[in-house]
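Reviewing the structure listed below.
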Number of protein chains: 2
Amino acid sequence: NFASAKTYQNTNNSKDVVTVRWVGNTPEFNSGATFGLPWPRGKYQANQTTFSGLAGENDDSVQLESWITAYWPDDSIKWTGHALGGSEKVYEEYKIAASTSTEGNAAKRSNPSPQSRLTVRDSDDEITVDTGKLTATFPKSGNTLLSLIKTSSGKIVGQNGRLILRSQSGIEDDGENTVSIDKLRFESKIEEVTVNSTQDSTVRSLVTVRGKHQATSGTHDDWLPFILRFYLYADSDAIRVVHTLVFDGKADKDFVAGIGIQFDVPLAGEELYNRHIRLAGHDRGLLSEAVQGITGLRRDPGKNVRSAQFKGEKTSDISSWDTRVSSRLKWIPSWNDYSLTQLSPDGFTLKKRTKAGQSWVKIPGGTRAGGLAYLGGATRGGLAVALRDFWKKYPTSLDISNAATDAGQITLWLYSPSAEPMDLRPFHDGLGEDTYDDQLDALEITYEDYEGGYDTPYGIARTNEVFLFPFDSTPSADTLVSLTAHANEPPVLAADPAYIQETKAIGSYWGTIPDNLTESARTIESHLDFLIKFYQDQVSQRRWYGFWDHGDIMHTYDEDRHTWRYDIGGYAWDNSELSPNLFFWNYFLRTGRADVYRFAEAHARHTGEVDVYHTGPFKGFGTRHGVQHWGDSSKQIRVSTPIYRQVFYYLSGGDERTGELLHELMDADQAFLTVDPRRKVRKDNGTYVIDPTALDLDLGLDWSGLASTWLLEWERRGPRWEEARSKLNTTMHSIVNLKNGFVTGLGLYNLHTGAISPPATDPKNLGDVAVSHLSASFGLPEIISQLTDYLADDLPAGFEQAWLDYCYYYGAGAAEQKARYGVSFGSLNLKQGHSRLTAYAAKKLDNSTLAARAWKEFLSTDGFSPSLPWSSEHLNGSEVLSPVDEAAWVSTNDAALYGLAAIENLAQIGYAL
Amino acid sequence: NFASAKTYQNTNNSKDVVTVRWVGNTPEFNSGATFGLPWPRGKYQANQTTFSGLAGENDDSVQLESWITAYWPDDSIKWTGHALGGSEKVYEEYKIAASTSTEGNAAKRSNPSPQSRLTVRDSDDEITVDTGKLTATFPKSGNTLLSLIKTSSGKIVGQNGRLILRSQSGIEDDGENTVSIDKLRFESKIEEVTVNSTQDSTVRSLVTVRGKHQATSGTHDDWLPFILRFYLYADSDAIRVVHTLVFDGKADKDFVAGIGIQFDVPLAGEELYNRHIRLAGHDRGLLSEAVQGITGLRRDPGKNVRSAQFKGEKTSDISSWDTRVSSRLKWIPSWNDYSLTQLSPDGFTLKKRTKAGQSWVKIPGGTRAGGLAYLGGATRGGLAVALRDFWKKYPTSLDISNAATDAGQITLWLYSPSAEPMDLRPFHDGLGEDTYDDQLDALEITYEDYEGGYDTPYGIARTNEVFLFPFDSTPSADTLVSLTAHANEPPVLAADPAYIQETKAIGSYWGTIPDNLTESARTIESHLDFLIKFYQDQVSQRRWYGFWDHGDIMHTYDEDRHTWRYDIGGYAWDNSELSPNLFFWNYFLRTGRADVYRFAEAHARHTGEVDVYHTGPFKGFGTRHGVQHWGDSSKQIRVSTPIYRQVFYYLSGGDERTGELLHELMDADQAFLTVDPRRKVRKDNGTYVIDPTALDLDLGLDWSGLASTWLLEWERRGPRWEEARSKLNTTMHSIVNLKNGFVTGLGLYNLHTGAISPPATDPKNLGDVAVSHLSASFGLPEIISQLTDYLADDLPAGFEQAWLDYCYYYGAGAAEQKARYGVSFGSLNLKQGHSRLTAYAAKKLDNSTLAARAWKEFLSTDGFSPSLPWSSEHLNGSEVLSPVDEAAWVSTNDAALYGLAAIENLAQIGYAL
Ligand SMILES: [Ca+2]
Ligand SMILES: [Ca+2]
C-alpha cells in the first residue's frame with residue numbers, strides 16, 4: 001500500500017553505476033537477494049529513471065527488479081530497493097546502473113526482464129508463483145498457507161504447509177495443589193492473502209499471508225495474529241519466509257507450549273531405503289540417515305549400495321544387492337520419526353524412533369545446531385526447512401515424522417514443545433508498590449519503574465526467518481550445509497560506505513574512516529572497535545540468546561558479581577536505552593563490516609518487535625529497559641522510535657516487516673490518550689485529565705520519536721505521508737514559536753493538528769527552562785540533522801537556531817545559560833554523549849572554538865575517558881559460573897553515547913581533534 | 001554380613017610397609033578415603049596382623065581402620081580394605097604398615113584409634129554418627145533417611161533428607177488420541193537401616209538404608225527399591241552417599257519422570273541478604289548469589305557490604321549501611337527458587353524466580369555443570385549437595401527452593417523432572433519376528449537376538465554417588481569449587497603397580513611396563529595407549545552419556561555413516577562383549593594411570609548395574625550387546641560375570657555396592673531354570689524340558705561366570721563361601737572327568753551339587769568336540785589363571801592339563817586337532833585374542849616354540865594387525881553431525897582382545913617377542 005512500490009526495468013546500459021558487494025564473503029549460493037541503494041538529492045527523478053544490473057568482466061546483464069523506497073522532497077529518488085534474481089553464478093560484485101530518460105516509459109517499466117521466468121497467477125482461491133525453478137501455491141482461505149511446493153520438473157515435495165500452535169491454561173509450579181490445566185492445539189487460519197502487483201513482479205514475488213491461530217482442540221478465541229511473508233525470486237529454488245507473531249494472550253492464562261510450522265512431504269512410491277533424513281549440526285555438521293538404513297549391517301548389500309544411501313543417491317536396484325540383505329529387509333527397522341531439540345544455547349539432543357508407542361533411541365547430539373531439516377527421497381525429491389539463528393533462538397526443535405509412511409512431515413518448532421511452556425507473567429508480585437510514591441521510591445533502589453498492569457506482554461511481537469528448499473532428489477551433504485549457512489547468514493549486498501556517505505541520504509553525521517588517521521583519531525577508532533567486539537563477545541559469553549531475548553544486550557554491569565545486572569530492575573535488558581542502535585548502524589555504514597551488520601540486524605529485529613507494542617493499549621510505545629523486555633511501566637515512543645530501524649530498512653531494500661513497523665508508529669501519538677508518561681511525576685496528579693488537544697509532549701524524548709515517524713512516512717511516501725508532512729511541519733513551527741525552543745522541555749501537543757502550545761506551567765510563553773540529559777539521547781540530534789538535510793531551504797525559519805541554541809547551551813556552563821535564559825540548566829550529565837550536539841553546532845556555525853569545546857567534552861567530562869583500560873579481562877575461576885571476558889568499566893549507556901559521539905564528532909569536527 | 005569384615009588397629013610402627021599414593025594429583029581436600037591393598041600368599045595371617053598408617057617425613061601416625069576383603073585358601077590375608085580418616089593435611093603418600101604378632105589381640109583390635117572422634121549411637125529408632133566434625137542421624141523407619149545433619153558447633157544445616165520420585169502412567173506420543181495420563185508422586189519408605197558394627201567403626205562408619213518408593217499422591221504399589229549407603233569418616237566434614245536404584249516397574253506403564261534427593265535447610269533467623277545460593281558451573285565455575293542481592297543497586301550500601309555478600313560473609317550490621325539502601329530493602333526482590341538443569345551433555349540452563357506464580361528469570365547458563373548446589377546463611381550455616389558426573393548423567397537438575405522462607409530446600413534430581421519421562425519400552429515392536437527361525441534369520445542381518453518379552457528393563461539398576469557437605473557458615477567460592485572437583489573425582493589411593501604385581505593377588509597375567517622396552521614391545525605399548533585414549537575421546541565426542549548410558553562404550557563402527565552403530569541391533573551398546581573390562585582394569589593395574597582408573601570405574605559402574613538383572617526372572621544374568629542395554633534376548637552370565645568388577649572391588653577397599661553385586665551372582669545359576677540360553681539353537685527344541693539336575697552349561701561362557709562368582713565368594717569368605725568352594729571344586733573335577741575336558745564345549749550341570757555330566761549328545765563320555773571362539777572370551781583364561789594361582793597345589797589333578805590342552809589346540813591347526821581329538825575344531829576366529837591362551841600354555845610348559853606361535857597369532861592372524869594406521873582421523877565436515885575423531889578400523893571386540901592379549905602376552909612371554 002505504499003505509493004513508492006513501483007518497479008523500473010533496465011532498458012540499456014549506462015555508465016552511471018553504483019557497485020554493490022556482498023557484505024562479508026561472497027556466498028556459495030544465490031537464491032535471489034534484495035538490497036537498498038541511496039541516491040543524492042535531485043539527481044534521479046522517479047518517473048524518468050530506470051535501473052539495470054550488470055556483473056562480471058563483460059558486464060553481463062543480470063535480472064534486476066527495482067523500486068523506490070524513499071524520495072527527496074522534490075520527488076527525486078532518495079532510496080531504491082533492488083531484487084536480484086537467483087543464479088547459478090555468484091559474482092563478487094554487481095553494478096547497478098541508473099539511467100535517466102526524459103520520457104516516462106510506462107511500457108518499459110512493466111516489461112519483465114527478458115530472461116525472467118517468474119510468473120504469478122492470482123485467482124480467487126489461490127495465488128501461484130512459479131520462479132522457473134519451483135512453483136508454490138498459496139490458498140486464500142482455510143488453514144493451509146502453502147498448499148503445494150513443486151520442483152520445476154513437477155514433483156510435489158511439500159504440501160499442506162501450515163502453522164501449528166500449542167498452549168495451556170496454566171503451569172505446573174511444583175506446588176502441591178496444581179489446578180487442572182487445559183491443553184489446547186491450534187492451526188493457522190488465513191484472513192488475508194496478497195501478492196505484490198503481478199505486473200511488477202519480474203524478479204521477486206512477495207506473497208503476504210495474514211491470519212490468526214484457531215483452536216483445533218479445546219476452546220479458545222482465535223489469537224496470536226501472524227503475518228507470513230513469502231519471498232520468491234526469479235530462477236530461485238528457495239523460498240524465504242519472514243514469520244511474524246504478535247502475542248495477544250493473557251500472560252496468566254495463555255502459556256504457549258509450542259509454535260510450529262509444518263509441511264507434509266509426499267513419500268509414496270519411494271523405497272524406505274531411498275528415503276533420506278538430514279539434520280544440520282554445528283558449523284558444517286550434518287546428520288545423514290535413511291529411513292531404513294542398509295549400512296553397518298551384518299551382511300553387506302554391496303559397497304555401491306551403502307555409499308549411494310549415505311550420499312542420498314538412489315541405490316542400484318535391489319535385485320543387484322547381495323541377497324543375504326535383500327531377503328531380510330523386513331528385519332531392518334525403519335525409523336519413522338526424528339527429533340532434534342535445542343533447549344539451551346550450548347547443546348542440542350537428537351533422537352529417533354521406529355514409531356509411536358516404542359522408545360526413542362538417542363542419537364549423539366552436539367552443541368549448536370544449524371537449524372535445517374531435510375526429508376525426501378532419492379527419486380521423489382524432498383524438502384528442506386531451515387530456521388535462521390536456530391540455536392540462538394532456543395528453545396527450538398526440528399521434527400521429522402511419519403517418514404516411513406506415504407506422507408512424511410517436517411515440523412519446525414520456533415518454540416519447542418519439549419521446553420517448559422513460555423511464561424510471560426511478571427517476575428514479581430509488585431512487592432507492595434501500590435502507590436506512585438512507593439514506585440518512585442523503589443525506582444531509587446532497583447531502578448525499576450514498576451506499576452501494576454503495565455508489566456504486560458500483550459502486544460509484543462517476534463519475527464523469525466525461515467527458508468524452504470525444494471529438491472528433485474536428495475541433495476548432497478555439502479549442498480545442505482551450504483544452505484544451512486545461507487539460512488543463518490542470508491547473503492546481503494550493499495554499496496560501499498563512501499558512496500552511501502556521498503549521497504547524504506541516511507544522515508550526514510557519520511563518515512568513513514580516512515586512510516591518514518591522526519594518532520588521536522586512531523585511538524578513538526580502536527576504542528570503537530573494542531566496544532563493538534566486546535558486545536559481540538558478551539552476547540556469546542553471557543548467553544544473551546533465546547526466543548524473546550536474542551538480539552538484545554544488557555544495560556549495566558554488576559562488578560561485584562561479575563555479571564550483567566540481569567535481575568536488577570532497570571539495569572537488565574537494554575531496550576535501546578540511549579540509542580545503541582544508532583551507534584551500531586552508523587558504525588556499519590562507515591565500515592561495511594559483516595560482523596557489525598549481523599549484530600545490528602539481530603538487535604534491530606529484537607528491539608523493533610519485542611520491546612515495542614504492536615497492538616493493545618500501548619500500541620506504538622515501547623518499554624523502558626528492565627528485567628523483562630515488557631516489564632517496566634514506562635511506556636514511551638523513545639523506545640519504539642523508528643529511527644532505530646531506518647538504516648536497516650533502507651539497506652535491506654525496504655524489508656517489508658520493518659516497513660510495517662515504521663508505518664505502524666503513525667498512530668503512536670494516540671497512545672498518549674491511554675498512557676500519560678508523566679503520570680507519576682506531575683504535580684497535578686489526581687486532578688489531571690488527559691486532553692487530546694493538550695497532551696504533555698517532551699520536546700526531546702517524545703518529539704524525536706514522532707518526528708522520526710513522520711519523516712519516514714513522508715520520505716517513503718507512505719499512505720499517510722501528507723498527514724505526516726503536515727504534522728512534522730506544524731510541530732517544527734510550534735517549537736520555533738516557543739520562546740525557549742527546545743530548552744522549554746515540554747509542550748502541549750494537539751493530537752489532531754500537531755500544534756504544540758507552551759507548557760501548562762507557562763501558558764503565556766514567557767519561557768520555561770527544562771533541560772534533561774535524556775531529551776537528546778533517543779535520536780533527537782540525528783533526526784534533526786536528517787530533517788535539516790531533507791528540508792534544506794524549506795526548514796522552518798528559526799528551527800535551526802532553536803536547535804543550535806540547545807546544542808550550544810547544553811554544555812555551555814551555568815553562567816552562559818543564565819545569561820541567555822535567566823536560569824541555569826542545573827546539574828546535567830551525559831556530557832560525552834552531548835558533545836556531538838556541540839560538534840553539530842560547531843560545524844553548522846563553522847566555529848573552531850566550539851569544536852574544541854566539543855572534543856573537550858568528549859574526552860574529559862563523563863562517559864568513557866581515554867585513561868580507562870579499553871580492554872577486558874578474562875575470568876574463568878570461581879568468581880564466575882562460566883568463563884567470560886569482563887570490562888567492569890563498560891556500561892551500555894556510556895558505550896552507546898561514546899559510540900555515537902565518537903562517530904559524529906569525527907565526521908563533523910574531525911579536523912579539531 | 002561378610003565374615004571378613006573385621007577391623008584391625010595399628011599397634012606399633014613396623015618396617016613392613018606398603019606405600020599408597022593418590023591416583024592422579026594429590027587432592028585439595030581429604031574427607032576420608034577407602035582403598036584396598038593386596039598381600040602375598042601366606043605372609044599375613046588374619047588373626048595375627050595389625051595395620052597402621054604413617055605419612056610424611058616424620059612418619060606421622062594417621063587414622064586408619066583396616067579390614068580384610070579376601071583370604072588366601074590358607075586363611076592368610078589376600079586383600080585388605082583401609083579407611084583413612086579426614087584430615088586438614090593431605091599427604092602425597094601414605095605408608096601402610098602390617099605387623100605380625102603371634103598373639104591374637106582382640107583388645108587391640110577393638111580399641112579405637114587414639115585420635116579418632118568418630119562415635120556411633122545405634123538405638124531402636126535411629127542411628128547417629130558423629131565424625132567429630134559433623135553429626136548425622138538416620139531414622140530406622142518412616143520416609144526420612146537422614147533426619148538431621150549438624151555441624152560440630154551444633155548447627156542444624158540439613159533436615160528431612162528423603163528420596164522423592166515422580167512417575168506417570170503414559171507418555172504423550174504426540175498422537176491425536178492421547179489417553180489420560182496419571183501423574184504420581186512418591187517418597188522413600190524405609191525398610192531396613194543398618195550400621196557396620198559400632199565397635200569396629202573407628203575411622204569409617206557405614207550406614208545402609210534400604211527401602212522402596214511409596215506413593216504420596218496417586219495409587220501405586222511400593223516400587224523402585226533403593227539402597228543408600230552413607231559413608232562417614234572420622235574427622236571428616238563430608239558424607240559420601242552411594243545411591244542405588246533398581247527398576248522393577250513395567251516399561252509400558254511406569255514412566256519415571258523424576259528421581260530426586262531432597263534436604264531441608266533451616267534458614268530461620270538469617271537475613272535474606274545473608275542467605276547464599278551457590279551452583280557449580282563448568283570446570284571451576286560457580287554462581288554466587290544471595291536470596292536478596294544488594295550488589296548492582298542504584299544506591300550503594302557500602303563496598304564492604306557488597307563484597308561481604310558476594311563472598312558469602314556476614315555483612316556488617318544493617319545500621320551501618322547507607323540508609324538509601326537499608327530503608328528500601330522491601331523493594332528489592334528476594335529470589336525464593338533456583339533451578340539448574342542439564343538436559344544435554346553440552347549445555348545447562350539456569351533460572352530463578354521470586355515465587356511460584358511469577359515468571360522465572362533466566363540466568364546465563366553454560367556447558368557442563370559441576371553438579372554442586374549450596375544453600376545456607378552467613379551465620380546459620382548451610383548445606384552443599386553434589387552429584388558425581390552430573391552432566392555426564394544428564395538429564396539432571398539441581399533445585400533450590402523456598403530460600404526466602406524459614407525452611408529452604410535443596411533437591412538433587414538424578415533424573416530431571418524437566419526432561420521427557422524416562423522411556424524404557426522396546427525400541428521396536430518385534431518386526432514380526434514371531435518364531436525362533438525368524439529371530440535367527442533377523443540375527444543374520446541386524447545382529448540383534450530378539451525375542452518378545454525378553455526386551456525388558458525389569459531388574460536393572462543404577463548407582464550414583466552423592467556428596468553432602470555441611471558448613472557452619474557459607475564457605476568460600478574456592479572451597480565449593482574444590483568440593484565440586486572432589487565430588488566428580490573422589491580421591492583414590494592405590495599401591496604402586498609393581499607392588500600389586502608382586503603379590504599375585506589379582507592375576508599373574510599382567511605386568512608393569514619395564515624400562516628397557518624392546519622396539520617391538522614399545523610399539524605394542526603405543527598401540528595400547530592409543531586404544532585407551534581413543535575410547536576416552538570417543539566417549540566425549542560421541543556423547544556416550546546419560547542416566548543409563550554413561551560408562552558404556554559401543555560395539556562396532558559404521559564406516560559409511562562415520563558413526564558407531566548405535567541403532568543397529570547387536571552392534572550398539574557393548575555390554576562387556578569380549579571383556580573390555582579386563583583390558584581396562586589390567587591396563588590400570590600395570591600403569592596406575594588416573595585417566596584409566598576413572599574410565600574403567602565408570603565402565604564398571606555401568607556394566608555391573610545397567611547391563612545386569614538384579615531382580616526378576618533374569619536375576620543374575622546380563623544382557624548381550626544391543627541398541628538398549630536390556631533389549632537383547634540373549635541373557636547370560638557371560639555379561640554379569642563378577643570377574644569384570646573384581647579389580648575395582650579390591651582396589652576400592654571393598655566397595656560395598658560392588659561387593660553386593662558379586663555376592664548377588666551366587667544365585668545366577670538359578671536363572672538357568674528360567675532361561676535356557678540355547679533355546680533357539682537346540683535341536684530338541686519343543687520337547688526339551690529344563691531339568692535342574694541336567695542344565696546345559698557352556699564350559700566357557702557359563703562356567704567362567706560361575707567360577708568367578710564362586711572364587712570371589714570363597715576368597716572373600718562370603719556367607720556362602722563353603723558352598724562356593726564346593727561347587728567350584730565339583731565343577732573343576734567334573735571338567736577333568738570329561739573325556740575332552742574344555743574341548744567338550746558343553747556339559748550337563750546339576751544345580752544342586754555342581755556336578756557336570758557329559759553333554760546329552762555324549763552320555764557315555766566318549767568325547768564330544770565343540771569349540772567356539774566365544775567360550776574363552778568372557779574371562780575364562782583369567783579366572784582359570786587366578787584359580788590356578790589360588791588353589792596352587794590343591795588344583796584338581798588334571799585340571800591344568802585340561803586347560804592347557806584347550807589353550808594349545810585352539811590355535812594348533814586342523815591336523816594337530818584331528819590327531820588329538822579325532823576331528824578338527826572347524827573354522828575358528830578371534831585368534832589374536834586367543835594368542836593369550838597359547839602364551840599361557842607356553843609359559844606353563846616353558847615352551848619357547850609355543851611362545852613364538854603365540855606372538856605369531858597375536859601379530860599376524862586376525863584382529864588388529866601392526867600395519868593398521870594406529871591413529872584416528874579428525875572429521876569435521878558435512879559427513880558428520882559434530883566433529884569427531886574416526887578410526888574406522890577399530891571395533892570394540894578387536895580392541896578388547898588386542899588389549900587383553902597384548903598385556904597377557906607381554907607379561908607371560910614377553911621374552912619371545
Ligand atoms: Ca529488549
Ligand atoms: Ca550397557
Side-chain angles (χ1 to χ4, degrees), chain A residues 173 175 281-282 284-287 295-299 306 310 325 328 331-333 343-344 346-349 354 356-361 364-367 418 423 425-429 431 441-442 444-447 477-478 481 542-543 558 560-561 565 567-568 571 627 877-882, chain B residues 173 175 281-282 284-287 295-299 306 310 325 328 331-333 343-344 346-349 354 356-361 364-367 420 423 425-429 431 441-442 444-447 477-478 481 542-543 558 560-561 565 567-568 571 627 877-882:
Chain A
D173 271 332
H282 184 45
R284 297 189 71 81
L286 189 73
L287 180 86
T295 67
L297 296 169
R298 191 167 185 186
R299 308 297 169 213
R306 288 184 278 119
F310 183 70
V325 177
R328 294 189 176 102
W331 306 136
I332 303 173
L343 296 182
S344 86
D346 293 285
F348 67 86
T349 53
T354 55
Q358 309 294 146
S359 175
W360 292 91
V361 170
T367 54
S418 299
D423 187 346
R425 294 176 296 185
F427 79 98
H428 66 66
D429 64 3
L431 306 168
D441 194 46
E444 285 295 307
I445 189 69
T446 61
Y447 202 36
D478 283 339
V481 156
R542 308 290 180 169
R543 271 85 175 169
D558 182 342
D560 292 304
R561 285 189 293 165
R565 303 183 191 176
D567 55 350
I568 305 177
Y571 295 115
V627 172
S878 64
E879 67 272 43
V880 289
L881 179 71
S882 294
Chain B
D173 270 334
H282 185 45
R284 296 190 71 81
L286 188 75
L287 180 86
T295 67
L297 297 169
R298 192 169 186 187
R299 308 300 168 210
R306 288 184 279 118
F310 183 69
V325 177
R328 294 189 176 101
W331 307 136
I332 303 174
L343 296 182
S344 85
D346 293 285
F348 67 88
T349 54
T354 56
Q358 309 295 146
S359 173
W360 292 92
V361 170
T367 54
E420 288 170 3
D423 188 346
R425 293 176 295 185
F427 78 99
H428 66 66
D429 65 2
L431 306 168
D441 194 47
E444 284 295 307
I445 189 70
T446 62
Y447 203 35
D478 283 338
V481 157
R542 307 291 179 169
R543 272 85 174 168
D558 182 344
D560 292 303
R561 287 189 292 165
R565 303 183 191 176
D567 55 349
I568 305 178
Y571 294 115
V627 172
S878 64
E879 67 272 46
V880 288
L881 180 71
S882 295

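Naming convention: chains lettered A, B, ... in sequence-line order (proteins, then strands); numbering from 1 in each chain.
No side-chain heavy atom of B/V627 sits under 4.5 Å from any side-chain heavy atom of A/P333.
Interface remark: A/R328 contributes backbone and side-chain atoms alike to the contact with chain B (heavy atom separation under 4.5 Å). With a 4.5 Å cut-off on non-hydrogen atoms, B/Y571 touches chain A through its side chain but not through its backbone. Only the side chain of B/R565 comes within less than 4.5 Å of a heavy atom of chain A; its backbone N, CA, C and O stay farther away. Within the 4.5 angstrom heavy-atom criterion, only side-chain atoms of B/V361, from C-beta onward, approach chain A. Heavy atoms closer than 4.5 Å to chain B are found in both the backbone and the side chain of A/I332. Interface remark: B/E420 contributes side-chain atoms only to the contact with chain A (heavy atom separation under 4.5 Å). For A/F310, the part lying under 4.5 angstrom from a heavy atom of chain B is the side chain only. Proximity to chain B is limited to the side chain of A/V481, based on heavy atoms less than 4.5 angstrom apart.
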Q. Where do B/T446 and A/R298 land on the side chain to side chain contact (heavy atoms under 4.5 Å, CB included) test, with the steps shown first?
A. CA-CA 6 Å; B/T446 62; A/R298 191 167 185 186; over 6 Å; no

Q: Report the C-alpha distance between B/R299 and A/I445 in whole Å, list the side-chain angles of each, state the deciding distance to 0.1 Å, and finish with yes or no for side chain to side chain contact (heavy atoms under 4.5 Å, CB included).
A: CA-CA 6 Å; B/R299 308 300 168 210; A/I445 189 69; 4.1 Å; yes

Q.
Set out, in order, the CA-CA distance, both residues' side-chain angles and the distance that settles side chain to side chain contact (heavy atoms under 4.5 Å, CB included) for A/F348 and B/L343, then state yes or no.
A. CA-CA 9 Å; A/F348 67 86; B/L343 296 182; over 6 Å; no

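Of the listed residues (A/R542, A/R543, A/H428, A/R425), the one with the most heavy-atom contacts under 4.5 Å to chain B is A/R425. The choice from B/G296, B/G365, B/P364, B/G347 that makes the most heavy-atom pairs within less than 4.5 Å of chain A is B/G296.
Although no hydrogens or angles enter the test, the distance criterion places a donor-acceptor pair under 3.5 Å between the side chain of B/T354 and the main chain of A/F427. Judged purely by atom type and a 3.5 angstrom limit, A/T295 has no side-chain atom pairing as donor or acceptor with the backbone of B/D558. Using a distance-only test at 3.5 Å, with no hydrogens or angles considered, no donor-acceptor pair links the side chain of B/S878 to the main chain of A/G285.
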